[in-house]
Amino acid sequence: MECMVSENCIYRNSLNLIYASGILVLDANKSLFAKRGLAFTGKSLLIFLFFPICLSGQTPQNYADTKNSLWYTDPASEWKQALPVGNGRLGAMVFGDPRQERIQLNEDSMWAGGSTWEDARGTPEDLQRIRQLLKQGETRKVDSLMVEKFSYKTIVRSHQTMGDLYIDFKNIGQIRNYRRSLSLDGALVSARYTYNGHQYSQKVFASNPDDVVVIQLATSAPGGMSFDLRLDRPKDHDKQTVVVTNPSETEISMNGMVTQWGGKKSSEVFAIDHGVKFETRLEVKLESGSILANNGTLEVKNTKKATLYLVANTSFYHGEKYTGNNLATLSKVTDRSFDVLFNAHTKDYKRLYNRVGFSLEGTALDSLPTDVRLQRRKDGLDDPDLAAKLFQYGRYLLISSSRQGTNPANLQGIWNEHIQAPWNADYHLNINLQMNYWPAEVTNLSELHYPFFDYLDRVLDRGKNTAKRQYGIDRGTVAHHASDLWGPSFMRAEQAYWGSWIHGGGWCAQHFWEHYMFTGDRSFLRKRAYPVLKGIAEFYLDWLVWDDKSNTWVSAPETSPENSYFNSKGEPAAVSFGSAMGHQIIGEVFDNFLEASRVLNIKNDLTQEVANKRRKLHPGILIGEDGRILEWNEPYGEPEKGHRHMSHLYALYPGDEIVEDRAKAFAAAQKTIDYRLEHGGAGTGWSRAWIINMNARLLDGESAQRNIDKLFEISTAENLFNEHPPFQIDGNFGYTAGVAELLLQSHEGFLRILPALPTKWKSGKISGLKARGNIEVDIEWEDGALENLRLKSIEGKTMKVKYDGIYTQVTLAPNEAMVLDGNMKKQL
């Protein structure tokens, strides 16, 4: 019995197929039958039990390549079902449609506008007036003035789609045996099916070494296959943005410029009529058949195999030479076969991806399509192996959207189908960009952090001018809550509660320090991290104001990202005199600057000034009468008790000030999380991922398991993209970082092994995680207990390791692995 594509939908959505010990178990889902208008009776269930069940006409045993893949029995019908490929700069979402294929295209510098916008608004006198009004309790007026005086109230320019490649297949009737997949091992999206008894296949990858997206279409049909190729791009508010031509009989070129005609400045239209120039160019090579160029399309007839080479470049990277770069790239790749290019691609990709291996129980469920497994998970059934795949999927996405020399991964990585994306797919510096890079160090992808560093260097360079002109601070640098391709550092908001925040640079400075902590790269510390820490510390030195009431240095005006409080008049307000997160970040910057100075043997007037102000800095951790950590300097009421941001717990994660040894703060952090969740918190995917990391730091595997369950239940799309909703990639990256944090921690000066093992992950193993100090860690456990621990360091060192209440001290020889058993005894 063969399954049609239409039949696949019924099987996929109506049955959960579980293969265990050779027994087939069927869990009927009556609601899904009802949704499709199909009758479901006990009798029909018996019919299903006695007839052979197939998925795409093949038995699960034939799917040897499903082990580390996402796979499906239907084409994608919407964007969040399509599968992503990327080489760091170029990306594509592959639908796998055997009739009209859509491959949605992206490039990471597709932005409107330029770097000509001013770096600052407002004056130091405006800042003094606002501070005076804060002292008088006029917080509502301050909220308005922060926006009026300091903010550019323009829409943040959006990252945009590069357009679409459409493949219109001819004479395709009833499809059988359909399957599409994403191989996490090979970074390859493929689709295959049969038509009229002949095999058809499509393979897509994005090569980093050759800077090209490659597509292979093949068939065993004696007469080959026929299809049309066309490139297109959505209009920008009814204005055409591209010109499509045929430079040759085998090519399509799509030229354009990014604009944003729908921008706004307050209530006024603020159209952006210029931006990055780009060309997308497609060249086709056939093994047989013919090709005809026709009015910007290519008509392919009767070919048995076609290879499509797609390149794109922009004026952001290459000035006016971007079209020449496309021609140069094509001249190098079009004479090379699909297999040769694919081998170079996989060698490059696996060099990064294969550093970490992770396995949990449940691999028997690989015989099920990924969307079926996800639905089972949403229905409350366990699938630890799917949790492991989601971890590795996060690493796949980071490799695919952030490479040295590219822009950093934005709010959607590089995968965005819009002209005006949700939240502009920009760089939010009040958690989202940082969360994108949480997994970089701990999951052994340190070099992928560099696009983040390169970008922040650009932002903070402009931030020097912002600090001086806007706030009257002549030394140091600042960045606010959001930025875009052009690296602006100024404040942009129409409301103070989400935009009037000054700590984007301070939070990002942590990443520079952490890269040094994980890699031990003193050259990076001296040349890259130290200047950033110094610049941010200098800004904070001159930003702080003395408070006679508390006898401390206080940060003001302050906000707690995207949250508000009830002021003394019972009115909701955003700007405050001090906040927990602000003081936690400032304290961390001062501490890291002083430690970096010690490592680099720097001692001068600046280090003394920082040390003096650090001692008198207002505490970032204050515990209220109800046992929770205060979000502001005062115990204000909260309009939104379940707010998605957990800003006042920065010191727990990603900071490291709240640890087990600080028992009161540790307990207060737990109570703070519990309170937020009791009131509906963590409704967004990224917020849930953040809490998983916090659960890990609180050594709470049971709560982590509940939040992992929730992440799958309400925040995961069929292609495993994380949803705010809509799609935001930070939740994927935050989850991957959280998994690592549940299994290994090193922020306290020693290694914690399996500190918060989720309750359903009874047995498993992970290899290649990184701990601070450049230590590689492999962990294997059985029935919830450690079996083996392997440690390896490039440099010889002595450290403490803790597991299940057992402390031990180990001395590692350079480049020699040490293995400990579950009792922390060295194995010979």
Side-chain angles (χ1 to χ4, degrees), residues 116-154 429-430 459-483 487-509 532 534-550 552-560 573-579 581-583 585-586 589-590 605-606 609-610 612-613 616-618 633:
T116 57
W117 285 6
E118 293 290 331
D119 288 329
R121 288 190 74 234
T123 66
E125 290 72 27
D126 294 325
L127 177 61
Q128 294 308 314
R129 182 186 176 198
I130 284 170
R131 285 174 169 169
Q132 186 61 39
L133 289 170
L134 267 180
K135 289 182 180 180
Q136 297 169 1
E138 297 291 341
T139 53
R140 292 296 294 275
K141 186 177 291 186
V142 166
D143 283 3
S144 297
L145 282 175
M146 287 292 289
V147 175
E148 177 186 334
K149 297 297 183 181
F150 292 135
S151 178
Y152 281 81
K153 292 173 282 187
T154 55
L429 307 183
N430 65 3
V459 175
L460 294 176
D461 185 59
R462 295 187 67 175
K464 297 173 186 177
N465 199 31
T466 306
K468 181 180 293 187
R469 291 177 51 196
Q470 188 160 296
Y471 301 126
I473 295 176
D474 292 332
R475 56 179 178 170
T477 184
V478 66
H480 292 84
H481 95 288
S483 191
S489 57
F490 50 67
M491 185 183 297
R492 292 181 294 185
E494 292 187 6
Q495 295 182 354
Y497 85 98
W498 61 260
S500 299
W501 188 72
I502 64 158
H503 298 292
W507 188 336
C508 289
V532 169
K534 178 175 178 288
I536 299 295
E538 286 175 326
F539 173 82
Y540 284 144
L541 288 173
D542 295 339
W543 170 264
L544 293 168
V545 296
W546 183 254
D547 177 36
D548 290 325
K549 180 179 177 182
S550 63
T552 61
W553 291 103
V554 174
S555 176
E558 268 289 357
T559 60
S560 193
V575 183
S576 62
F577 187 72
S579 75
M581 185 185 225
H583 292 132
I585 289 175
I586 294 169
V589 168
F590 284 172
D605 290 345
L606 180 62
E609 185 181 0
V610 170
N612 291 340
K613 280 204 171 176
K616 287 288 187 177
L617 181 67
H618 193 281
N633 285 17

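Not measured: the values here are computed from a predicted model. For the single chain, residues carry numbers from 1 onward in sequence order. The basis for the numbers below is simple: all heavy atoms, side chains too, and nothing from hydrogens, waters or symmetry mates.
In this structure, the side-chain contact (heavy atoms from CB on, under 4.5 Å) partners of Asp126, at least two apart in sequence or on a different chain, are Thr123, Lys149, Phe150. Under the side chain to side chain donor-acceptor pair (under 3.5 Å) criterion, Gln128 pairs with no residue at all, not counting sequence neighbours. Taking the side chain to side chain donor-acceptor pair (under 3.5 Å) definition, one finds that Arg131 meets it with nothing, sequence neighbours left out. When the side-chain contact (heavy atoms from CB on, under 4.5 Å) test is applied to Asp547, the partners found at least two apart in sequence or on another chain are Lys549, Ser550, Val554, Phe577. Applying the salt bridge (charged side-chain N to carboxylate O under 4.0 Å, His left out) test to Arg475 and every residue at least two apart in sequence or in another chain returns Asp542, Glu609. Take Lys464 and apply the side-chain contact (heavy atoms from CB on, under 4.5 Å) test, not counting sequence neighbours, and it matches Asp461, Thr477. Residues passing the side chain to side chain donor-acceptor pair (under 3.5 Å) test with Ser579 are Glu558, sequence neighbours excluded. Remark: Gln495 engages Tyr497, Trp498 in a side-chain contact (heavy atoms from CB on, under 4.5 Å) (not counting sequence neighbours). Residues passing the side chain to side chain donor-acceptor pair (under 3.5 Å) test with His583, sequence neighbours excluded: none. Partners of Trp553 under the ring pair (Phe, Tyr, Trp, His ring centres under 6.0 Å) rule, at least two apart in sequence or in another chain, are Trp546. Under the rule for a salt bridge (charged side-chain N to carboxylate O under 4.0 Å, His left out), Lys613 has no partner lying at least two apart in sequence or in another chain.
By the 4.5 Å heavy-atom criterion applied to side chains, Lys616 and Asn612 are not counted as neighbours. Looking at heavy atoms from C-beta onward, Met491 lies in side-chain contact with Ser500 at the 4.5 angstrom threshold. In this structure, Phe539 and Ile502 have side chains that are in contact, with non-hydrogen atoms separated by less than 4.5 Å. Proximity of Pro557 to Leu127: side-chain heavy atoms (C-beta onward) are separated by under 4.5 Å at one or more points. Side-chain atoms of Thr466 and His480, non-hydrogen and from C-beta on, do get closer than 4.5 Å to each other.
In this structure, His481 NE2 and Thr559 OG1 are separated by 9.5 Å, a value rounded to the nearest 0.5 Å. Annotation: the span from Leu617 atom CG to Ile586 atom CD1 amounts to 6.0 Å, rounded to 0.5 Å. The CD atom of Glu494 sits 8.0 Å away from the OG atom of Ser151 when rounded to the nearest 0.5 Å. Atom CD of Glu148 is separated from atom CD1 of Ile130 by 9.0 Å, given to the nearest 0.5 angstrom. From Phe490, atom CZ reaches atom CZ of Arg469 across 11.0 Å, with rounding to the nearest 0.5 Å.
Each of Val532, Leu429, Val459 was compared with Cys508 under the side-chain contact (heavy atoms from CB on, under 4.5 Å) criterion, and only Leu429 meets it.
Residues Asp119 and Asn465 come closest through the heavy atom pair OD2-ND2, 3.2 Å. Listed here is the closest heavy atom pair of Ser483 and Pro488: OG-O, 2.8 Å. Nearest heavy-atom pair across Val147 and Arg121 is O-NH1, 4.1 Å. The heavy-atom pair separating Ala496 from Val575 by the smallest distance is CB-CG2, 4.0 Å. For the pair Leu460 and Ile536, the tightest heavy-atom approach, listed with the atom from each and the gap, is CD2-CD1, 4.0 Å. Across all their heavy atoms, Ala556 and Val545 have their closest contact at CB-CG2, 4.3 Å.
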In sequence, state the C-alpha distance, the side-chain angles, and the governing distance for Tyr540 and Val610, and then conclude on side chain to side chain contact (heavy atoms under 4.5 Å, CB included).
CA-CA 9 Å; Tyr540 284 144; Val610 170; over 6 Å; no

Trace of the salt bridge (charged side-chain N to carboxylate O under 4.0 Å, His left out) decision for Arg129 with Glu125:
CA-CA 6 Å; Arg129 182 186 176 198; Glu125 290 72 27; over 6 Å; no

Starting from the C-alpha separation in whole Å, work towards a yes-or-no answer on side chain to side chain contact (heavy atoms under 4.5 Å, CB included) for Thr139 and Leu134.
CA-CA 6 Å; Thr139 53; Leu134 267 180; 4.1 Å; yes

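Sorted by first and then second residue, the pairs that involve residues 134-146 and meet salt bridge (charged side-chain N to carboxylate O under 4.0 Å, His left out), not counting sequence neighbours, are Glu138-Lys569.
With Tyr152 contributing its side chain and Ala120 its backbone, the two residues share a donor-acceptor pair below 3.5 Å.
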